[in-house]
Amino acid sequence: MKRIILHIDMDYFFAQVEERENPRFKGKPVVVGADPKGGRGRGVVSTANYEARKYGIHSAMPISKAYELYPDAIFLPVNMELYQKVSEKIMEIIKKYSKTWEIVSLDEAYLDLSHIFYDREKCGIGEIWERVEKLAKKLKKEILEKEKLTCTVGIGPNKLIAKMAAEKAKPNGLLVIKPKQIKEFLEPLDIDDLPGIGPKTAEKLRVSGVNKIKELKRLSKSRLKEMFGIVGETIYERARGIDERPFISTLRFARVIDEEAVTSEEIIKSISESASRRTKGEKRFISSTGQEHTFEKDTRDPEIIFGTFEKIIENVWQELIENKFSFKTITVICRFRGFETHTKSKTLKSQTNDLEILRSESKRLLLKFMIENPKPIRLVGLRVKIC
Ligand code: TTP
Ligand code: MG
């Protein structure tokens with residue numbers, strides 16, 4: 001079925017909101033994340049504006065490294081409550097443009113405008129993409145006028161192409177890739193521009209001399225399956241711009257337990273099944289909730305580790321109870337010295353909201369980490385998939 005998909009991604013979101021709130025920051029390098037504490041800070045960068053990116057500062061970088069790169073940048077703590085409020089307003093605007101939308105994270109959403117294909121009365125087939133582009137411009141303008149924030153919009157026949165188009169057009173851009181343009185758009189791109197190809201997959205491909213998507217297309221489906229298992233099939237299709245993923249209405253959220261604990265990309269952006277809850281009579285979707293904490297110093301002290309973890313468990317449980325959620329899958333996140341991050345998960349036989357089960361199962365997972373890996377621990381976190 002022919003589709004028209006928009007991907008909307010706010011530009012340097014957390015930092016742009018901070019600039020909006022404090023116009024004197026405009027034009028200066030702004031870094032949002034953990035407190036750098038004069039270079040001794042422990043957490044990571046959540047995001048940086050484009051001025052700060054010029055110095056090599058980027059998301060998920062240790063805050064100490066960011067400080068080393070440019071100590072005079074404006075370092076700000078994560079004000080999640082504010083970003084969540086702004087995000088809700090933006091999403092309200094986006095949702096007006098189609099009945100079919102999907103919120104991916106605080107600053108990213110998809111819109112399905114395929115109905116325009118069937119809107120023959122209003123335009124002919126040749127004008128469809130022009131009409132979509134016009135709508136996208138209107139949406140950008142509305143967000144800018146109402147929220148004073150810029151975003152980038154990618155448009156394509158599926159989610160994959162729309163997202164990749166937005167990635168290429170950032171910041172404050174708009175890029176339409178029509179079905180006939182997919183080949184020339186994709187082929188010159190690097191393999192790691194293709195969503196789904198992470199650093200490990202990219203490395204394996206590069207060793208075989210595959211650097212560009214054009215070269216990736218020379219590998220057969222069976223060869224890719226041999227190399228990467230079931231994911232190989234997805235890579236084969238994506239390299240050709242094929243992506244049939246449907247829309248799932250989701251709203252993911254993450255919380256921080258103090259300004260040192262930075263929400264991880266994993267929690268905000270992880271793709272997992274969604275579950276629903278009713279808020280103000282409207283069906284909203286939340287897939288997972290969790291918290292994490294970065295220690296002041298890497299530690300092996302069980303009192304510090306389990307004491308902090310106990311607080312995290314209680315906070316996560318509180319969140320579940322307040323929202324009448326239950327859970328079935330528990331994931332414990334552990335980051336060791338050297339930024340080595342691992343997760344361990346446990347799926348229960350049936351869903352529950354029992355604090356004791358959450359406590360005993362998550363502690364068991366954390367204990368496993370402690371037994372298996374003797375390195376000092378930098379961060380612990382807990383995430384539950386909501387039912
Ligand atoms: P992104 O859309 O990935 O980044 P961005 O909006 O900051 O910048 P861009 O202009 O490239 O789109 O992420 C959205 C927000 O999510 C970002 O502002 C902060 C948060 N985030 C983290 O907290 N940690 C991370 O590692 C990443 C990538 C994002
Ligand atoms: Mg963004």
Side-chain angles (χ1 to χ4, degrees), residues 6-36 41 43-91 93-94 103-110 136-137 139-154 162-175 192-193 195 252-254 256 259 262-270:
L6 267 67
H7 182 254
I8 302 114
D9 189 332
M10 300 306 295
D11 302 321
Y12 60 103
F13 184 52
F14 294 2
Q16 201 190 168
V17 173
E18 296 292 349
E19 280 181 5
R20 182 190 79 173
E21 301 297 300
N22 303 280
R24 68 200 153 90
F25 295 162
K26 262 236 145 80
K28 294 188 182 138
V30 174
V31 181
V32 179
D35 184 347
V44 293
V45 172
S46 276
T47 196
N49 68 359
Y50 281 79
E51 280 77 11
R53 290 181 198 190
K54 284 182 202 154
Y55 296 92
I57 299 171
H58 58 77
S59 300
M61 168 184 274
I63 199 76
S64 52
K65 174 84 185 160
Y67 188 84
E68 194 185 305
L69 288 168
Y70 196 62
D72 291 335
I74 297 162
F75 288 92
L76 301 169
V78 176
N79 185 350
M80 192 53 82
E81 218 173 292
L82 171 65
Y83 314 142
Q84 249 157 4
K85 269 190 206 140
V86 178
S87 170
E88 269 173 37
K89 286 192 178 153
I90 292 164
M91 296 308 167
I93 299 174
I94 292 174
I103 298 169
V104 184
S105 69
L106 283 182
D107 89 322
E108 242 179 280
Y110 287 104
K137 278 186 185 152
L139 171 60
K140 272 169 68 74
K141 195 165 165 245
E142 189 173 347
I143 294 175
L144 184 63
E145 276 172 9
K146 293 197 170 139
E147 288 304 315
K148 308 278 176 275
L149 293 168
T150 64
C151 65
T152 297
V153 181
K163 183 168 173 64
M164 291 180 80
E167 206 59 48
K168 281 293 142 205
K170 275 179 192 181
N172 198 9
L174 172 62
L175 181 60
D192 47 13
D193 285 331
R252 291 161 223 288
F253 73 98
V256 285
E259 73 251 16
V262 180
T263 51
S264 76
E265 189 187 4
E266 251 189 296
I267 293 176
I268 287 191
K269 300 205 150 184
S270 71

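Predicted model only: the values in this text are computed from it and were never measured. Basis for what follows: all heavy atoms, side chains included, without hydrogens, waters or symmetry-related copies.
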Do [X] and [Y] have side chains that approach each other closer than 4.5 Å (heavy atoms only, starting at C-beta)?
X	Y	value
Glu167	Asp193	no
Val31	Tyr70	no
Val44	Ile63	no
Leu106	Phe14	yes
Leu139	Ile94	yes
Met10	Val86	no

Could you tell me which non-hydrogen atom of [X] sits nearest to which non-hydrogen atom of [Y], and how far apart they are?
X	Y	result
Ala165	Leu175	O-CD2, 3.6 Å
Ala15	Ala48	CB-C, 4.1 Å
Leu174	Ala136	CD1-CB, 3.6 Å
Ser64	Gly41	CB-O, 3.8 Å

Checking the side chain of [X] only, and the main-chain atoms of [Y] only, is there a donor and an acceptor separated by less than 3.5 Å?
X	Y	result
Lys163	Gly154	no
Asn49	Val30	yes
Thr152	Ala166	no
Tyr55	Glu51	no

Check the pair Glu18, Tyr83 against side chain to side chain donor-acceptor pair (under 3.5 Å), reporting the backbone distance first and the verdict last. CA-CA 9 Å; Glu18 296 292 349; Tyr83 314 142; 2.5 Å; yes

Walk me through it: do Lys65 and Glu68 pass the test side-chain contact (heavy atoms from CB on, under 4.5 Å)? CA-CA 5 Å; Lys65 174 84 185 160; Glu68 194 185 305; 4.1 Å; yes

How many angstroms lie between [atom1] in [X] and [atom2] in [Y], if you round to the nearest 0.5 Å?
X	Y	atom1	atom2	answer
Ser87	Leu149	OG	CG	10.5 Å
Ile74	Asn22	CD1	CG	8.5 Å
Arg53	Ser59	CZ	OG	6.0 Å

Yes or no on side-chain contact (heavy atoms from CB on, under 4.5 Å) for Leu69 and Met61, after CA distance, side-chain angles and deciding distance? CA-CA 11 Å; Leu69 288 168; Met61 168 184 274; 3.7 Å; yes

Check step by step if side-chain contact (heavy atoms from CB on, under 4.5 Å) holds for Asn172 and Tyr50. CA-CA 12 Å; Asn172 198 9; Tyr50 281 79; over 6 Å; no

Does Lys140 have more than 12 heavy atoms from other residues, nucleotides or ligands lying within 6.0 Å of its NZ? yes

Paired with Gln16, the side chain to side chain donor-acceptor pair (under 3.5 Å) test is passed by just one of Thr150, Asp11, Thr47, Asp107, namely Thr150

